[in-house]
Structures are given as C-alpha cells and as structure tokens.
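Quick note on labels: first sequence line is chain A, next is B, and so on, each numbered from 1.
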Number of protein chains: 2
Amino acid sequence: MTQETRLDAVKLDGSGPIYDQIRRAVRDLILNGTWPPGTSVPPEHALMEQLGASRMTVHRALVQLAREGLITRRRRSGTIVASPPASHAMLDILSIPAEVEKLGRRYDYTVLSRANGRPTAELSLRFGLKRGEKIIHLVALHRADGKPHVLEERVIHLATVPAAAQETFETTPPGDWLLGHSLWSQAEHAISAIPAEPDDAQLLDIKPGEACLLIERKTWNQDAPVTAVRLLYPGNRHRFIGRFGPYGEV
Amino acid sequence: MTQETRLDAVKLDGSGPIYDQIRRAVRDLILNGTWPPGTSVPPEHALMEQLGASRMTVHRALVQLAREGLITRRRRSGTIVASPPASHAMLDILSIPAEVEKLGRRYDYTVLSRANGRPTAELSLRFGLKRGEKIIHLVALHRADGKPHVLEERVIHLATVPAAAQETFETTPPGDWLLGHSLWSQAEHAISAIPAEPDDAQLLDIKPGEACLLIERKTWNQDAPVTAVRLLYPGNRHRFIGRFGPYGEV
DNA sequence: AGCCCCTAATTGCATAGGCAATTAGACAGG
DNA sequence: CCTGTCTAATTGCCTATGCAATTAGGGGCT
C-alpha cells in the first residue's frame with residue numbers, strides 16, 4: 001500500500017524560483033529516502049496551502065518531477081514516488097541476474113572470496129580508497145547457463161553501508177543486495193578493454209590475454225562512497241548499447 | 001547573425017494538448033533543418049497571436065524545449081535555436097579531432113582508402129547494409145602526436161547524403177565533414193572488446209590479438225540511414241566515462 | 001456478495017493578467 | 001568617437017480561476 005507522508009516534511013529554502021524550491025524540496029525527500037518508492041505525495045491542494053503558493057506553481061514543480069521520472073501521477077489516485085525504472089538500460093548492468101535472465105539464460109553465481117577489514121595497498125590503488133577505511137572486499141563469478149558470464153570484484157564501504165558487515169552474500173549477489181539495502185544518488189562508469197590476466201582468464205574459461213571488456217563503476221550517496229565494482233566480461237561475447245539523439249537521450 | 005524565421009512555418013496538428021502541439025511543431029522545424037542553429041524563434045507574443053493560444057501555453061512549450069536543450073532563451077534577446085552542445089560527452093566521440101585535442105595532443109589523420117559504389121558481401125554483413133544501396137566506404141587512421149589513436153572504418157549512405165560523392169575527405173575527416181553537411185536525429189552505439197586483427201594491429205602499432213575497444217555507431221535522420229562507423233581503439237589506452245543517477249543522467 | 005451508478009477528489013490543461021529582471025538598441029552628451 | 005542613460009522588448013515567474021478527464025470509493029439495488 002502507499003504509505004502516508006508527513007506534510008510538514010516539505011520545507012522551502014527560499015532561494016530561486018518558488019516552483020524550483022518546491023521541486024528540489026520534494027526531490028530531496030525522495031533521494032534521501034524520507035519518502036521511499038510507493039509513498040504517496042501530498043495532493044496539490046495540500047501543498048498549495050501548506051506552502052502558501054498557488055496551485056499552478058505547485059503543479060509546475062510536480063509536473064517537472066514527473067517528467068524526470070521521480071514521481072508518478074494519476075488523476076484522482078494522486079501522486080506517488082516512483083520506483084527507479086527497472087527497465088532502464090542502466091539497471092541491466094546494476095543487476096547481473098536481471099541482465100542474464102533478460103538474455104534467456106539460467107543464472108547462478110559463486111562467491112569466491114570475502115574479506116572484511118581495511119584495504120591492502122594494491123586494493124586502495126585499484127579502487128582509489130583511503131588506507132584507513134573499513135571495507136568489505138568480494139570476488140564473485142556469475143554464470144549464465146552454467147558458463148562464466150562475468151567476474152565481479154567489489155568493495156563496499158562499511159561506513160556508508162554498515163548492514164553489509166553481517167551479510168555473507170551467499171544467496172543474493174552483492175549488487176542486488178545493495179540495491180535493496182542502500183541508497184545511491186550518483187554513479188560513474190568507465191568502460192575500457194584490457195587483456196585477461198592469467199587468473200581471471202582461468203575463472204572466465206578463456207585464454208590469457210584475450211580481449212575483455214572492463215566496466216568500472218563507483219557509486220555515491222550524497223558524496224559518501226557506497227561501493228565500487230570492476231566487472232570483467234569475457235571478450236567479444238558482450239556489447240553495451242545505447243541510443244540517443246543529438247540533443248540528448250531519446 | 002541570427003536569421004529570420006517565417007512565422008507561418010509553425011503549424012499545429014490538432015492532436016493532444018496545445019502546449020505539446022506547439023512543442024512538437026517547433027521541435028520538428030528544428031530537427032528537420034528548417035530552423036538551423038542560430039535561427040531566432042518568434043517571440044512568445046507573436047506565436048501567441050498566430051496560434052491563438054495564451055502566452056502561458058506558448059511559454060510552457062518553449063520552456064520545455066529549452067530544458068531539452070533545443071533552444072536557448074534570454075530576456076530581451078529572445079529565443080534562438082541552440083547548437084547541439086559541443087561540450088556533451090557524445091560529441092567527443094563524434095569528432096575525433098576534438099577528442100584528441102581535448103587530451104592536449106596534436107591531431108592528424110590519413111585516409112587509407114576510399115571506395116564509391118555498392119557494398120561487397122562482407123561489408124553489407126559487417127554494417128547491416130542492403131546490397132543495392134549506393135555508398136561510400138572509407139578507412140582512415142587518426143593520430144595523436146603522430147601515434148595511432150583510432151582506426152576508423154566508415155560507410156556513408158549516398159541516398160541520404162548525396163553531397164558526399166564529391167568529397168575526398170583529404171582535409172576534413174568524414175565524421176566532422178558529416179557534422180556540417182548532414183542532419184541526424186538518432187544514433188545507436190555499441191561498445192565491445194575484441195582482439196586486434198593482424199592488419200588492424202599493424203596500423204595501430206600494437207600486437208595482433210591485443211585487446212581493443214570497438215565502438216560501432218549508426219546514425220539516422222528520420223529513419224533514413226546516414227552513416228555507420230566502426231572505431232577501433234587500441235587496448236587499454238582508452239576509456240569512456242559516463243556519470244548518472246538512479247533516475248537518469250545527472 | 002456482486003453489480004451499477006454517482007459523487008467527489010485529484011490531476012491536466014488553458015486563460016487572463018500582472019509584475020520583475022534583463023538587456024539590446026536608441027539617444028544624448030561629452 | 002566613446003560613454004553613459006533611458007526605453008522598451010522579451011522572457012521569467014506567479015496568482016487566480018475555471019473547466020475537463022479520470023477514477024477510487026461509497027451507496028443502493030438485486
């Protein structure tokens with residue numbers, strides 16, 4: 001069911017146009033988790049009275065948020081906080097099980113190692129970590145129809161996601177677990193091609209030196225690092241596709 | 001200077017909300033080239049009178065187009081058609097000279113081959129072409145500080161870009177030439193990693209089989225294919241980076 | 001229970017009008 | 001010529017109001 005919202009949670013900051021103050025106020029409540037997906041947003045009338053703005057001004061803010069995909073609006077039913085779009089191309093690489101199943105293959109995976117503590121020198125170099133940080137370091141192999149699909153090496157920042165300390169990730173892969181147990185507001189992807197190291201090649205069942213696609217992703221929540229992951233895809237078996245027009249995504 | 005616009009070029013199609021009819025009408029004039037970048041869009045008052053809509057309705061359409069980046073608006077100066085954003089990450093790979101110079105290197109390039117006619121069987125397979133189509137087929141090597149940077153293999157559809165028939169591409173690389181001599185409304189990118197073929201390896205000055213990043217891009221203008229290109233970047237010397245949030249690009 | 005209809009809540013869209021902010025261009029004065 | 005000032009064009013934003021479209025939920029009937 002849609003949950004209640006506390007109306008007085010919406011607070012304007014007095015800078016810039018009113019419609020934009022409203023937009024940012026609501027957006028922040030969504031992004032910082034105060035209003036999780038499914039929460040119902042107060043109707044325009046309520047916001048209008050509480051904020052002392054006209055309905056058109058409130059409307060303008062909400063319409064814009066709807067166009068940005070953060071909320072869903074329906075006549076009579078009202079406005080609810082949207083779930084991050086599951087069909088978006090990005091989620092395909094956030095959730096490896098989803099990616100594999102979309103290809104019509106059977107998914108499974110194995111955690112190859114799990115270490116809890118502070119990063120080694122090599123790790124902090126590879127992921128750009130500070131030495132003192134408490135982290136979890138994981139290596140996992142994901143398979144499609146029993147064959148190696150992608151090798152995952154991941155770091156989780158315990159300061160940001162303390163709940164991860166109790167998790168073994170034996171049943172849910174870390175990417176999917178994090179989707180349900182953490183928030184993120186920013187991600188950075190880097191794509192490159194590298195030859196497979198001998199160890200990695202053996203795990204992926206390819207020849208050493210064979211071309212692999214490396215996806216490195218770091219995510220943050222409000223400037224606090226959440227996780228960093230290196231996904232190594234074996235060679236030419238994988239492609240990533242995007243469509244857009246000259247002025248932006250279509 | 002900003003050019004004139006013919007007011008009567010804006011025609012509504014009567015389907016859907018008025019603000020959206022206006023938005024689409026103006027957008028189409030921009031995308032189909034009737035109003036090229038730099039053209040000044042009629043002021044709200046003029047559109048309002050010509051279309052019989054209120055100013056707020058016209059305003060809403062234009063504000064939306066501005067947010068989509070198709071137009072630029074300034075008080076008193078008016079509204080002009082924007083140039084596709086030169087700083088956008090995408091342009092970095094549309095224009096290889098720009099990409100190289102952004103890295104602070106000296107750019108030059110050589111056309112290795114140029115053929116005019118119908119695709120061979122191999123070509124039509126590689127680029128997904130129909131056999132009868134008239135095309136130009138090009139191979140060019142781009143260099144940064146004199147060293148191989150990327151190998152480009154390109155097909156240009158003469159039916160869509162007839163002017164390309166007279167062009168040798170000796171002074172302007174085909175990607176940049178096309179930016180100035182054609183329109184596109186859609187692009188599709190695919191990224192994958194492949195080992196270098198012996199021929200390609202020699203041109204790129206790397207070892208055969210070394211990991212390369214392959215970017216394949218096809219562009220269309222209103223469903224008509226414009227060009228298709230394969231860009232082969234040598235190994236781990238290159239990465240492509242993108243940033244976004246859970247609800248879309250940030 | 002099940003079905004139908006009605007009402008009212010809620011968003012969607014448009015209008016009319018007004019004031020604010022910016023600034024191009026005209027104009028005056030040196 | 002240059003420089004400052006004024007004016008008016010243009011967009012930005014807000015309010016107030018009304019009607020339309022959708023539909024959840026209630027009430028009544030079978």
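A/I156 is not listed as a side-chain neighbour of A/E167, based on a closest heavy-atom distance of 4.5 Å or more. A heavy-atom distance below 4.5 Å is found between the side chains of B/V63 and A/R60. The shortest distance between side-chain heavy atoms of A/Y109 and A/I96 does not fall below 4.5 Å. Using a 4.5 Å heavy-atom threshold, the side chains of B/L62 and B/I71 count as touching. For the pair B/T57 and B/M48, the minimum side-chain heavy-atom distance is 4.5 Å or more.
Contact annotation: B/Y19 does not reach the phosphate of C/dA14 (side-chain N/O to OP1 or OP2, under 4.0 Å). Contact annotation: A/R73 side-chain N/O to C/dT10 OP1/OP2 distance is not under 4.0 Å. Remark: A/T79 is in phosphate contact with C/dT11, judged by side-chain N or O atoms under 4.0 Å from OP1 or OP2.
Among the protein residues, B/L62 comes within range of no part of the nucleic acid, since none of its heavy atoms lies under 4.0 Å from any strand. Using a 4.0 Å heavy-atom criterion, one finds that A/G52 contacts the sugar-phosphate atoms exclusively.
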Under 3.5 Å, N/O pairs linking protein and nucleotides 23-27 of chain D:
| unit_1 | atom_1 | unit_2 | atom_2 | d |
| --- | --- | --- | --- | --- |
| D/dA24 | OP1 | A/R74 | NH2 | 2.8 |
| D/dA24 | O4' | A/R76 | NE | 3.0 |

Between protein and nucleotides 17-19 of chain D, what N or O pairs are separated by less than 3.5 Å?
| unit_1 | atom_1 | unit_2 | atom_2 | d |
| --- | --- | --- | --- | --- |
| D/dG18 | O6 | A/R55 | NH2 | 3.4 |

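Residues A/A53 and B/H59 each lie close to DNA chain D; by heavy-atom proximity, the contact nearer the 5' end of the strand is made by B/H59.
Open room surrounds CG on A/D223; 12 or fewer heavy atoms of other groups in view lie less than 6.0 Å from it.
Comparing C/dT10, D/dT11, C/dA14 by their nearest atom to the side chain of B/P43 picks out D/dT11.
Counting to the nearest Å, the P atom of D/dC13 and the CD atom of B/E44 are 11 Å from each other. Atom CD of B/E49 is separated from atom P of D/dA9 by 13 Å (rounded to the nearest Å). Between B/I80 atom CD1 and D/dT10 atom C1' the separation is 14 Å, expressed in whole Å. Between A/R60 atom CZ and D/dA16 atom C1' the separation is 16 Å, expressed in whole Å. The nearest whole Å value for the distance from the CE atom in A/M48 to the P atom in C/dG12 is 16 Å. As a whole-Å value, the separation of B/L47 CG from D/dT10 P is 11 Å. In this structure, the CD1 atom of B/I22 is 13 Å from the P atom of C/dC13, given to the nearest Å. Rounding to whole angstrom units, NE2 of residue A/H45 and P of C/dT11 are separated by 8 Å.
Salt bridge annotation for A/R24-A/D28: absent, with no cationic side-chain nitrogen under 4.0 angstrom from a carboxylate oxygen. Note on B/R23 versus B/E68: salt bridge recorded, some NZ/NE/NH1/NH2 to OD/OE distance being below 4.0 Å. Looking at B/E188 and B/K218, no side-chain N of the basic residue comes within less than 4.0 Å of a carboxylate O on the acidic one, giving no salt bridge.
Using a 3.5 Å distance cut-off with no hydrogens or angles, the side chains of B/E99 and B/H149 do pair a donor with an acceptor.
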